[in-house]
Amino acid sequence: MQSTNSLTFRSSTVLSTLALGGAAILLGQVSARAGGKGDGGVAGGSTSCATAVDAVVGDNTFDTTSATASASIPTGGNCSAHTIYKANYFTFTPVADASYTFSTCGAAAWDTRIAIMTACPDSSGAALIACNDDACDLQSQISAALVGGTTYRIVVGGYGSSNAGPGTLTITEGSGGGGGGGGGVGADVIVGAIPDIAKYGSVVVGGQTIMAYAIGTTSCNIGTSQLEWFAQPDNRHPFIPQNMYRHKNGRLEQIGQSWGKHGFTALQGTLCGACQASSTGNYLGIGCSDPYSASLNGGQSGLGTRKEVNAATGIFPGTYNSGMPTAPATIGRRLQVNANDLNPTLNTGANYLVEAQYIHAQDAAGGNDNNNASWRALTVGTLSSGAYTLTLTGATVQQRTAIEAWPTYNSAVTLANVDVEGDGRFIVGNYAKDNGNGTWRYEYAVFNMNSDRSGRSFSVPVPAGATITNAGFRDVDYHSGDPYDLTDWSISTSGGSVTWTGGTYATNPNGNALRFATMYNFWFDATTPPQDVSATLGLFKPGAAGAPNAMAVTVKGPTGGSVPGDLNGDGAVNAADLSALLGNWGGSGTGDINGDGTADAADLSLLLAAWTN
């Protein structure tokens, strides 16, 4: 396709210019208020900018099939002048200063285009804020920092006169941590889009079929300074790990991870708004975006081990993979997933998502490293060429980790950030449910976003009277020569808690710890209902003098059960209970505290040991 806009196409050795084609959306005035149908608009949009209806945060359906007028978009926002065909218009007025994402990704079967404007394009003084084309195949996605209370214009249209049809414009507020939705002071890199996915086949390892994938990532610098982007042997560039997750039966699990892509040069795109372009690929300009395709992120030579990375500082060696083995054929270093975790027959009703994260020393030094991950949903298709075909769906959810998607699938889930001073962030998710048989299931997931100290234990208190069964654990395997121990954490249900524990750093620095950009799961059943309790997350690496070795976090945990010996349920073990036991001496039922079928001396001993008054 051809277009009036242009961008630079990159391979690892060549920079050339490629014309923009594909989709287009014009963003004019957009509002968080719900709106109705405008004149001439179909399913929400309006063919007249002057009478554009309000769009809402969320999904806004439209249909440009019957539209006839085009919109002439002026030069601005690092975009050349161009035309949006068969335009539909919306309005949007954000309620607060924030970054908003507008997307037709996976929601239109034709070429779309996006542009954000201060007013109708034919109005005097109307300025183009940003534009985008083909962020996700033939559809579009764009993010921009918008001013609360200001009205903007949006138009949904096609690349060419033959591009039209129904679609959905999804608007999300990207208000992640760290630099926040609007960007932090200094350089602030985020994942602006996950546009594509590549598959590479499979290899049988230890009797298990392991499939390999890679996802594309488009970064955005939403900060106030240029972001350094020097190729090795200089370490001033991003490290980009990729992960895959599955939500099944209420539980969100990490089912795969890759090594990290090392950045080597930056283009100057406009996915996330107006771009103050750098004159060199050694910097990502303010407001600019840089696309890395799935095939580029899946190139084995450009993938580096996670072991060399300190995610809390963003520092790693300029020359990476020192002493590491050659990448195994087909699956080596790529995003590896066990076939059983994707098999549709084995995973009825499951939901899947991928996540990417940018780790950068300049970003971390500015305190902007808690908004660097984004996720996107996918579906699992047929098996071909040794691996299941995966299709990305919906828009990229910017500045949100995959664990933050868990409440989307399970409304009972609550999340809590655990920030380790001088180190990094964990996110703890949990919920409890009634099993309907006198027991309750307790589920926990702990995601290490960027803590270098890592996690080595997780403990939930259990009061007296609660019986624990079915305790479990799941981690995600390292691979391709990473030296980490794969031994599962041990599980203890004694001592007044359920505790999962890995090895100590002193014993083995390469022990199985909860390291950055990974998530572990913990669960058990209990005979008592939930209450708020204080769980403990133990840390793996030692900190500076005086630094904590464990962090507390509020989660759901079991309440206490009845006190052994409290036969009448009044909360005390006393003469009334003793009388009840003696009154049924030798019989079953009342007084049979140990459950052996007879009220006898053994039960009397237990009652006296619990005596309260």
- request: Apply side-chain contact (heavy atoms from CB on, under 4.5 Å) to the pair V420 and F426, showing each step before the final yes or no.
  value: CA-CA 8 Å; V420 182; F426 295 86; 3.9 Å; yes

query: H360 side chain to D369 main-chain N or O, any donor-acceptor pair under 3.5 Å?
result: no

- line: From the list T414, D532, N430, side chain to side chain donor-acceptor pair (under 3.5 Å) partner of K556 resolves to D532

field: Mutual orientation of the aromatic rings belonging to F62 and W110 [parallel < 30°, tilted 30-60°, perpendicular > 60°]
entry: perpendicular

query: So how far is it from L539 CG to S451 OG, rounded to the nearest 0.5 Å?
result: 6.5 Å

task: Check whether any side-chain N or O of T64 sits under 3.5 Å from a backbone N or O of G165 as a donor-acceptor pair, and report yes or no.
output: yes

task: Would you check, one step at a time, whether the test side-chain hydrogen bond (donor to acceptor under 3.5 Å, both in side chains) holds for D59 with T170?
output: CA-CA 4 Å; D59 291 341; T170 300; 2.8 Å; yes

- request: Would you verify whether the NZ or CZ of R400 falls within 45 degrees of the ring axis of W375 while also being under 6.0 Å from that six-membered ring's centre?
  value: no

query: Are any side-chain N or O atoms of R376 and backbone N or O atoms of G394, one a donor and one an acceptor, separated by less than 3.5 Å?
result: yes

message: Between T104 and T168, does the side-chain contact (heavy atoms from CB on, under 4.5 Å) criterion hold? Intermediate values first, please.
response: CA-CA 6 Å; T104 57; T168 300; over 6 Å; no

E253 and Y245 side chains, donor-acceptor separation under 3.5 Å: no

query: Between CG of N372 and CD1 of I359, what distance do you get to the nearest 0.5 Å?
result: 8.0 Å

message: Students often mix this up, so state it plainly: with edges at 30° and 60°, are the rings of Y442 and Y444 parallel, tilted or perpendicular?
response: parallel

- prompt: Do other residues, nucleotides or ligands put more than 12 heavy atoms under 6.0 Å from the CD atom of E421?
  reply: no

task: Scan side-chain atoms only and decide if T51 and Y89 contain a donor-acceptor pair under the 3.5 Å cut-off.
output: no

field: With sequence neighbours excluded, residues passing side-chain hydrogen bond (donor to acceptor under 3.5 Å, both in side chains) with T401
entry: E404

Nearest-0.5 Å distance, CD1 of residue I73 to CG of residue L128: 7.0 Å

message: We want to know whether S374 and Q398 form a side-chain donor-acceptor pair, criterion being a heavy-atom distance below 3.5 angstrom.
response: no

query: Who are the salt bridge (Lys or Arg N to Asp or Glu O under 4.0 Å) partners of D196, not counting sequence neighbours?
result: none

task: Say whether S103 and Q141, considering side chains only, have a donor N or O and an acceptor N or O under 3.5 Å apart.
output: yes

message: Between D423 and R453 (salt bridge meaning N to carboxylate O under 4.0 Å), is one present in this structure?
response: no

- prompt: side-chain contact (heavy atoms from CB on, under 4.5 Å) between L390 and Y352: does it pass, once the steps are laid out?
  reply: CA-CA 10 Å; L390 307 182; Y352 293 89; over 6 Å; no

message: Hydrogens and angles aside, do N450 and N370 bring a side-chain donor and acceptor to less than 3.5 Å of each other?
response: yes

statement: Rounding to 0.5 Å, atoms CG (N521) and CZ (R251) come to a distance of 6.0 Å

message: Does the SG of C272 lie under 2.5 Å from the SG of C288?
response: no

query: Just by modelled atom types, is the S258 backbone N or O under 3.5 Å from a matching donor or acceptor in the Q242 side chain?
result: no

query: Heavy-atom count around N249 CG within 6.0 Å, excluding the residue itself: above 12?
result: no

field: Validation row: L252, L353 side chains within 4.5 angstrom (heavy atoms)
entry: yes

message: Less than 3.5 Å apart, any donor N or O on the side chain of T218 or D290 sitting next to an acceptor on the other?
response: no

- prompt: Hey, mind stepping through N371 and D188 against side-chain hydrogen bond (donor to acceptor under 3.5 Å, both in side chains) and telling me if it holds?
  reply: CA-CA 8 Å; N371 64 345; D188 189 359; 3.3 Å; yes

- request: Let me see the working for V354 and I194 under side-chain contact (heavy atoms from CB on, under 4.5 Å), right down to the final yes or no.
  value: CA-CA 9 Å; V354 285; I194 299 174; 4.2 Å; yes

- prompt: With sequence neighbours left out, what residues match T396 under side-chain hydrogen bond (donor to acceptor under 3.5 Å, both in side chains)?
  reply: none

- request: Rounded to the nearest 0.5 Å, what's the gap from CD1 on I197 to OG on S293? Could you check?
  value: 13.0 Å

- request: Could you verify whether a donor N or O on one side chain and an acceptor N or O on the other, from N243 and Q254, lie under 3.5 Å apart?
  value: yes

message: For N347 and R246, which I'm curious about, is there any donor-acceptor pair between the side chains at under 3.5 Å?
response: yes

